Every structure is written in structure tokens, then in C-alpha cells.
Amino acid sequence: MPAISELGAAKRDKPLWSTNEVTVIFVLGGPGAGKGTQCSFLVADYGFKHLSAGDLLREEQDRPGSEFGQLIKDYIKEGLIVPMEVTIQLLENAMKAAMEKEQKTMFLIDGFPRKLDQAHAFERSVVKSKFTLFFKCSEKVMLERLLDRGKTSGRADDNIESIKKRFRTFEDTSMPVVEEFRQEKRVVEVDAEQTPLKVYQDVQERLKEWGVHPLEVKLQQA
Ligand SMILES: Nc1ncnc2c1ncn2[C@@H]1O[C@H](COP(=O)(O)OP(=O)(O)OP(=O)(O)O)[C@@H](O)[C@H]1O
Ligand SMILES: O=c1ccn([C@@H]2O[C@H](COP(=O)(O)O)[C@@H](O)[C@H]2O)c(=O)[nH]1
Ligand SMILES: [Mg+2]
């Protein structure tokens, strides 16, 4: 598996995998919209491999000897988007590991792509996504959730200064990604201000429309 420092993944001009080999669903929504919460439900029922770009960056930040540790720390604190070469290499490495060790071929990629250059580079060089699951939530609700989570999360960016910066980055840099995918009719939008269970019921309904079914149903069909 390529070392993270090689950063070759984003440079390829053909996708590493076809959409027949690998299914990727991007999961987007503002900070605190509930992406991780919904992904954990989906993992249990659908057998997806959940990869959170933020979690992978935090792991790399804490990996002893990482040459990107300080850079990642600074970007996360400021709510900025880490240069795409780092994040795409981390994602590709994690996908390869899940395919080899767990025979996974269906991925929920949470909190990515956060910027148009990442979206284009990932789909050009790794694999085209099936669609983007977008959790719509107001800043007021997201702020309440993040401040509450911040009491126990230990995350360096769950504080009011970082949260404001994350909201700004989300509007200015990440929403254009959602808008581009929306124009391509590849966005599934769900109201994320409902209870977690109601959000999940809506997600399941929408996935069905896209031909994505829980493991139980797949077994019955087999
Ligand atoms: N539908 C919901 N209603 C109320 N609280 C929720 C809901 N979904 C998630 N939460 C809570 O809100 C907080 C943020 O949720 P979560 O970590 O899933 O968001 P996220 O979108 O992954 O955030 P981030 O972008 O910061 O990673 C958590 O404390 C979670 O328990
Ligand atoms: O593609 C990405 C995803 C995330 N980041 C940085 O990580 C933090 C935290 O992300 P969460 O999804 O909230 O866990 C985010 O604010 C960015 O600073 C990134 O750079 N690129
Ligand atoms: Mg999250």
C-alpha cells in the first residue's frame, strides 16, 4: 500500500476502480448535521464500510512520525480544508485496506468531498460516486449539537471560535460541491433536524429509490 507521503492517489488520470467494482456514497452536511450518527446506523443495516475523512485526518495527525501532523492540526483548528492530496491518499489507503482485509466494496465516505477540487480529483482518480447523501440542517441546530458534543468529544474544533469558521468554510467551500452534484441529479437530500430515528427512516426510503437495500433484503433476494 502506498505510503501517505507519496501522495500519488490524486494524480492518476484514470479511476483506480470502476463503479461495478466499488460503490461509493458521499455523505455531506454541515458540521454537526448528524453525518456520523446516520453512518453508524447504515453500517449496521447495510454492511457499508464507513470512512470519515475527518477521522482519518485526525488519526494521521496523531500518528507518530507523520510529516503532515502539524499541518492537519492547524487546518482542523481553523476549520479549513486540508490539501486534497493528503485526504485522497488517506481515503484510498483506507479503501484498499477494507477491501483486502474485510472484503468490503461498498463505502460511505463521510465529510468528503468538502471542496470542488477534491470532488473532481477523487472521481477522476479513485472512483466515481453513486450519489451524495446530503443532510440539511440549520446553523442554529448544528451549533446546539456541536456545543453539546463538545462537552465530551475532546475535539479541538468543537468550540465556538472553530465552529464559526467551520460554518463559513462549509457555506463558501463545501456547498458548491453539493450544488454541482445537485445539477447532475446526484444528490439525495434529507431533513436532518428531525429525531435521529426519523432521519434514518427517511434515509432508508431514499436509498431504496436508488436501489440500495439493507443486508436482510439482499439475502431474501439471493
Ligand atoms: N437527529 C439528531 N437529533 C439530535 N441530535 C443529533 C442528531 N443527530 C446527531 N445528533 C447529535 O449531534 C452531535 C453531532 O452529530 P454527528 O457527530 O453525527 O455529526 P457530524 O455531522 O458527523 O458532525 P461533524 O461534521 O462535526 O463530524 C452528536 O452529539 C450527535 O449525538
Ligand atoms: O475532506 C476533508 C474532511 C475534513 N477536513 C478537516 O477535518 C475537519 C473535521 O471534519 P469532520 O467531518 O467534522 O470530522 C474539518 O473541519 C476540516 O478541517 C478536511 O480538511 N478535508
Ligand atoms: Mg462526523
Side-chain angles (χ1 to χ4, degrees), residues 4 9-10 24 26-43 50-62 68-92 94 108-123 126 129 132-178 190-203:
I4 170 71
V24 162
F26 291 141
V27 181
L28 289 177
K35 302 180 290 299
T37 302
Q38 294 298 322
C39 285
S40 64
F41 296 154
L42 286 165
V43 164
H50 172 213
L51 295 175
S52 153
D55 286 349
L56 291 172
L57 287 165
R58 282 182 284 271
E59 263 173 42
E60 178 64 19
Q61 171 197 300
D62 295 338
F68 303 110
Q70 191 58 47
L71 174 137
I72 294 172
K73 195 172 185 178
D74 295 343
Y75 272 74
I76 288 184
K77 186 92 193 300
E78 290 304 312
L80 294 171
I81 307 303
V82 171
M84 66 164 182
E85 290 79 2
V86 174
T87 315
I88 292 177
Q89 189 69 60
L90 288 170
L91 283 168
E92 184 180 300
L108 289 174
I109 301 201
D110 162 6
F112 178 94
R114 297 276 248 273
K115 198 171 174 180
L116 276 170
D117 68 348
Q118 290 180 329
H120 297 153
F122 184 92
E123 293 206 317
V126 183
S129 65
T132 293
L133 188 52
F134 174 57
F135 291 107
K136 191 172 167 55
C137 197
S138 64
E139 286 191 3
K140 180 174 170 291
V141 171
M142 294 192 293
L143 178 64
E144 280 167 18
R145 290 183 186 173
L146 289 174
L147 290 177
D148 191 46
R149 189 180 70 181
K151 291 175 195 161
T152 53
S153 69
R155 278 182 53 159
D157 57 353
D158 277 351
N159 58 77
I160 189 72
E161 293 78 22
S162 294
I163 291 169
K164 281 186 191 159
K165 291 174 184 168
R166 291 161 71 197
F167 283 170
R168 171 58 59 89
T169 301
F170 176 69
E171 273 307 316
D172 295 350
T173 310
S174 306
M175 274 311 289
V177 176
V178 178
V190 172
D191 172 5
E193 294 199 11
Q194 313 171 87
T195 63
L197 186 60
K198 184 70 182 72
V199 176
Y200 187 52
Q201 285 169 346
D202 285 2
V203 167

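Fair warning: this is a prediction, and the values are worked out from it, not measured in the lab. Both counts, for ligands and for their atoms, begin at 1 and track the order of listing. Worth knowing before you read on, the calculation uses all heavy atoms, side chains too, and leaves out hydrogens, waters and symmetry mates. FYI, the numbering just counts along the sequence from 1.
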- Item | Distance-minimising heavy-atom pair for Gln118 and Met84 | CG-CB, 3.5 Å

- Message: Restricting to non-hydrogen atoms, name the atom on Lys115 and the atom on Val177 that form the minimum distance, rounded to 0.1 Å.
- Response: C-CG2, 3.4 Å

- Message: Do the side chains of Asp202 and Lys198 get close enough for a salt bridge, i.e. N-O under 4.0 angstrom?
- Response: yes

- Message: Looking at Asp191 and Lys136, is any side-chain nitrogen of the basic one under 4.0 Å from a carboxylate oxygen of the acidic one?
- Response: no

As a check for students: among [options], identify the option with a heavy atom nearest to [atom].
| atom | options | answer |
| --- | --- | --- |
| atom 17 (O) of ligand 1 | Arg149, Glu193, Met142 | Arg149 |
| atom 7 (O) of ligand 2 | Ile76, Asp157, Leu90, Asp110 | Ile76 |
| atom 8 (N) of ligand 1 | Lys151, Arg145, Lys35 | Arg145 |
| atom 3 (C) of ligand 2 | Ser174, Gly111, Pro83, Pro113 | Gly111 |
| atom 11 (P) of ligand 2 | Arg114, Glu78, Lys73, Lys35 | Arg114 |

Check each atom of ligand 2 against the heavy atoms of [X] and keep those under 4.0 Å away; list them by number with element.
| X | result |
| --- | --- |
| Thr87 | 1 (O) |
| Gly54 | 10 (O), 14 (O) |
| Arg155 | 9 (C), 11 (P), 13 (O), 14 (O) |
| Arg166 | 13 (O) |
| Tyr75 | 18 (O) |
| Ile81 | 20 (O), 21 (N) |
| Phe112 | 1 (O) |

- Considering only heavy atoms from C-beta outward, does the side chain of Thr173 approach that of Leu80 to under 4.5 Å? no

- Query: Heavy atoms, side chains only, cut-off 4.5 Å: are Pro31 and Leu146 in contact?
  - Reply: yes

- Task: Before signing off on this row, confirm whether Ala53 and ligand 2 have an N or O atom pair separated by under 3.5 Å.
- Result: no

- Item | Within-cut-off N or O pair, Leu80 and ligand 2, under 3.5 Å | yes

Indicate yes or no: does an N/O atom of [X] lie under 3.5 Å from an N/O atom of ligand 1?
| X | answer |
| --- | --- |
| Arg166 | yes |
| Pro31 | no |
| Gly32 | yes |
| Gly36 | yes |

In Å, rounded to the nearest 0.5 Å, how long is the span from [atom1] of [X] to [atom2] of [Y]?
| X | Y | atom1 | atom2 | value |
| --- | --- | --- | --- | --- |
| Leu108 | Ser129 | CG | OG | 12.0 Å |
| Leu91 | Phe122 | CG | CZ | 6.0 Å |
| Asp157 | Ile163 | CG | CD1 | 8.0 Å |
| Ile88 | Phe112 | CD1 | CZ | 4.5 Å |
| Glu139 | Lys164 | CD | NZ | 11.0 Å |
| Thr87 | Arg114 | OG1 | CZ | 9.5 Å |

Contact between ligand 1 and [X] is defined here as a heavy atom of the residue under 4.0 Å from a ligand atom; is it met?
| X | value |
| --- | --- |
| Gly54 | no |
| Gly29 | no |
| Asp148 | no |

Atoms of ligand 1, numbered as shown, that sit under 4.0 Å from any heavy atom of [X]:
| X | value |
| --- | --- |
| Gly34 | 8 (N), 9 (C), 15 (O), 16 (P), 18 (O), 19 (O), 20 (P), 21 (O) |
| Arg155 | 26 (O), 27 (O) |
| Thr195 | 1 (N) |

- Which part of Val82 is near ligand 2, with near meaning a heavy atom under 4.0 Å away: side chain, backbone, both or neither? both

- Output yes when a side-chain donor or acceptor of Arg149 lies under 3.5 Å from a complementary backbone atom of Asp158, and no otherwise. no

- Start with the C-alpha gap between Asp148 and Arg145, add the side-chain angles, then the distance that decides, and say whether salt bridge (charged side-chain N to carboxylate O under 4.0 Å, His left out) holds. CA-CA 5 Å; Asp148 191 46; Arg145 290 183 186 173; over 6 Å; no

- Query: Is atom CZ of Arg155 surrounded by more than 12 heavy atoms (other residues, nucleotides or ligands) closer than 6.0 Å?
  - Reply: yes

Residue and atom name of the nearest protein heavy atom (relative to [atom]), distance in Å to one decimal:
| atom | answer |
| --- | --- |
| atom 1 (O) of ligand 2 | Gln118 NE2, 3.2 Å |
| atom 18 (O) of ligand 1 | Thr37 OG1, 2.6 Å |
| atom 6 (C) of ligand 2 | Leu57 CD1, 3.8 Å |
| atom 1 (N) of ligand 1 | Gln194 O, 2.9 Å |

- Below 6.0 angstrom between ring centroids: does that apply to Phe26 and Phe134? no

Please list, one pair per line, the donor and acceptor atoms closer than 3.5 Å that link side chains of residues 71-78 to other protein atoms, with sequence neighbours excluded.
from	atom 1	to	atom 2	distance (Å)
Asp74	OD1	Gln70	NE2	3.0
Glu78	OE1	Lys165	NZ	2.8

- Message: When you measure from the heavy atoms of Arg58 to every atom of ligand 2, does any distance fall below 4.0 Å?
- Response: yes

